[in-house]
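Below you'll find the structure, written out as structure tokens, and then a few comments.
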Amino acid sequence: MDIKNFINNEEHIPLSGMWMDNYDPATGKIYGEIPSSNHTDVESAYQAATKAFPSWSNTPIDTKSKILSKIADLIEENLEDLARAESKDNGKPLWLAQSVDIPRASSNFRFFAHAITQYASQSHDSTGRNTLNYTLRKPLGVVGCISPWNLPLYLFTWKIAPAIAAGNCVIAKPSEVTPVTAYLLGNICKKAGLPAGVLNIVHGTGPECGQAIVEHPGIKAISFTGGTNTGARIAATAAPMFKKLSLELGGKNPNLIFSDCDYEKMLHTTVRSSFANQGQICLCGSRIFVQEEIYDKFKKDFIKLVQELTVGHPMSSTTKVGAVVSASHRDKILDYIAFAKANPEEYTILTGGNTLQIPNYEDGYYIEPTVIEVSNNTCKLNQEEIFGPVVTLMTFKDEEEAIALANGTRYGLSATVWTENLNRSIKLGNELEAGIVWVNTWLNRDLRTAFGGVKDSGIGREGGFHALDFFTETKNICIEYK
Ligand code: NDP
């Protein structure tokens, strides 16, 4: 499949004439080309977006809402094709794309189609001073949305939907590693009646195409999801230009398992929270801390279930763990495993730790789900984000130690706590340094809630009205009347 940029509701080849290969992670083979766009393509997208803005920002809310709902409908109608495309492009099991990624992309549009009809601003009647203040919420103009490869359409739409619902025009860049569903979305939006120039999708590398979006002086805000180092670079470029920034970055999420938990529910959910999407979800729990009393039992039961996970071709219905996204990402994960193997005094590999050759797909990027026991939270594997099918196990004694271990990293995206003790849940909810704390559940999302991280996991919040706040600017009008 050859992919084109989507600018002004038309398909465009890159102005430089440069293309990049797109790989199928399940086979390691090239299966298409994508534009290697640069600042000239971004400029062309910007011109289309800026031309569309006056009309789109003044379009009645009902009309905007209907178009967003129609996009949601069309994503649902095309679920099967989109799920197959996502699975092939990313390496994730087909059933996961069918049950999570694509339904969620549709929900993102449906949610913001509704949210925009309920979005209100404030007024302040300064009683006794004959003064009325009212606050307008205005769209920003042309905004940039940059998303990663792990949940391609899911995260791409999570940014685009609120941006256009709020009346902005968008220049969006998916990861060059997983461009296909973003490409398919362009035509869906056109079919749904989204006017030309409201959404423009440019494909290319981060340092060239992404950076051109961040640097463009006319683009008013950047909503970015990706790695912490990239986020820092984006902030360094955008902050002196006073752009609004929302940065959803990396994590090293703790799983705190207390001996009083609902054991079976915890065990099965922990397998999922460790290895879903090959461990490539920013919310996966990669550091598992278990209270001493149940550590040996947990270790045995967890390893048994992990060893039962079928690693295989993403299109096979029996596959639980598919291929990781790219050869370079596979190599990064393997470097961490090699480091653990080279330092046996610090790390014990309990299961996994190798690549796998799947018959007929020997060049695909498959890694065994890997569990590594560590004795110290300051070790490299507990401090650096691996973002693959690798988790560490360690014990703790009590609540105080659990909190210290959980908080002992530069990251603070999410944390999961397993306990039946209500007081403990509340205490940990207060004290854990994370933007999201789950108690006795994982990946349980209500789209109205705030989503984002603390510390090096980012700044800003997405979700619900938080996203609409980000994509609008307030203006206060103060009137003194007689
Ligand atoms: P990257 O930071 O490498 O890339 C994210 C996006 O930014 C891609 O589209 C990339 O393009 C682009 N990009 C890279 N460099 C620049 C630049 N200089 N200027 C502008 N854009 C740039 O992250 P990954 O794609 O590897 O995604 C994995 C990371 O994302 C993990 O750290 C994970 O934790 C994080 N993540 C965070 C989430 C959250 O909600 N907090 C959710 C999901 C993932 P290209 O790929 O084409 O180079």
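Positions are given from 1 along the sequence. All ligand and atom numbering here is 1-based and tracks the order in the structure.
Considering Thr370, Val371, Leu309, Ile367 in turn, Ile367 is the only one that fulfils the side chain to side chain contact (heavy atoms under 4.5 Å, CB included) rule with Pro389. Checked options Leu184, Asp89, Ile201; the residue passing with Pro179 is Asp89 (criterion: side chain to side chain contact (heavy atoms under 4.5 Å, CB included)).
Below 30°, between 30° and 60°, or above 60°: for Phe451 and Trp158 the angle between ring planes is above 60°, a perpendicular geometry. A tilted orientation is assigned to the rings of Phe465 and Tyr119, their planes being inclined by 30° to 60°.
At the shortest separation from atom 40 (O) of ligand 1 among protein heavy atoms lies Phe451 CE2, 3.2 Å. Nearest protein neighbour of atom 21 (N) of ligand 1, counting heavy atoms only, is Gly210 CA, 3.6 Å. Looking only at protein heavy atoms, the nearest one to atom 9 (O) of ligand 1 is Ser147 O, 2.8 Å. Of the protein's non-hydrogen atoms, Pro148 CB, 3.3 Å is the one closest to atom 27 (O) of ligand 1. For atom 11 (O) of ligand 1, the closest non-hydrogen atom of the protein is Lys173 NZ, 2.9 Å. From the protein, the heavy atom lying nearest to atom 13 (N) of ligand 1 is Gly206 CA, 3.3 Å. From the protein, the heavy atom lying nearest to atom 36 (N) of ligand 1 is Cys282 CB, 3.7 Å. Protein heavy atom at the shortest distance from atom 35 (C) of ligand 1 is Gly226 O, 3.2 Å.
The distance from the CD atom of Glu462 to the OG1 atom of Thr225 is 4.5 Å, given to the nearest 0.5 Å. A distance of 3.5 Å separates CG in Asp21 from CD1 in Ile30, rounded to the nearest 0.5 Å.
Taking every non-hydrogen atom of Glu248 and a distance limit under 4.0 Å, the qualifying atoms of ligand 1 come out as 37 (C), 39 (C), 40 (O), 41 (N). Taking a cut-off of under 4.0 Å to the non-hydrogen atoms of Gly204, the atoms of ligand 1 that pass are 47 (O). Of all the atoms in ligand 1, the ones that sit under 4.0 Å from a non-hydrogen atom of Gly227 are 1 (P), 2 (O), 23 (O), 29 (C), 30 (O), 32 (O). Residue contact check: Gln211 has heavy atoms under 4.0 Å from atoms 17 (C), 18 (N), 19 (N), 20 (C) of ligand 1. Distances below 4.0 Å separate heavy atoms of Thr230 from the following atoms of ligand 1: 1 (P), 2 (O), 3 (O), 13 (N), 14 (C), 15 (N), 16 (C), 22 (C).
Among residues at least two apart or in separate chains, there is no ring-ring contact (aromatic ring centres under 6.0 Å, His included) pair with a member in residues 12-33.
Counting heavy atoms closer than 4.0 Å to ligand 1, residue Leu413 contributes side-chain atoms (C-beta onward) but none from N, CA, C or O. Contacts between Glu385 and ligand 1, counted as non-hydrogen atom pairs separated by less than 4.0 Å, involve the side chain only. With a heavy-atom cut-off of 4.0 Å, Cys209 does not touch ligand 1 at all. Contacts between Ile234 and ligand 1, counted as non-hydrogen atom pairs separated by less than 4.0 Å, involve the side chain only.
Surrounding NZ of Lys191 are at most 12 heavy atoms belonging to other residues, nucleotides or ligands under 6.0 Å away. Residue Met18 qualifies as open at atom CE: its count of foreign heavy atoms under 6.0 Å is 12 or below.
Relative to the ring axis of Phe470, Lys244 places its NZ or CZ within 45° and under 6.0 Å from the centre.
A heavy-atom separation below 4.0 Å is not found between Gly458 and ligand 1.
Checking Lys159 against Ser147 by side-chain atom types alone, no donor-acceptor pair falls below 3.5 Å. In summary, the side chains of Thr237 and Glu215 do not present any donor paired with an acceptor at a separation below 3.5 Å, with no hydrogens or angles considered. Counting only N and O atoms by type, the side chains of Asn5 and Ser37 include a donor and acceptor under 3.5 Å apart.
Residue-to-ligand polar distances place Trp149 within reach of ligand 1: an N/O pair is separated by less than 3.5 Å. An N or O contact shorter than 3.5 Å is missing between Val177 and ligand 1 by distance. No N or O atom of Ser457 sits closer than 3.5 Å to an N or O atom of ligand 1. Polar contact check, Leu155 against ligand 1: no nitrogen or oxygen pair lies under 3.5 Å apart.
In this structure, atom 45 (P) of ligand 1 is in close contact with the protein, since a protein heavy atom lies within 4.0 Å of it.
Applying the side-chain hydrogen bond (donor to acceptor under 3.5 Å, both in side chains) rule to Ser16 yields no partners; only residues at least two apart in sequence or on another chain are considered.
When the options Tyr154, Phe387, Phe224 are ranked by their closest heavy atom to atom 7 (O) of ligand 1, first place goes to Phe224. Scanning Ile213, Asn150, Ile146, Thr225 for the heavy atom closest to atom 5 (C) of ligand 1 points to Thr225.
Residues Val321 and Thr310 fail the side-chain proximity criterion, which asks for heavy atoms closer than 4.5 Å.
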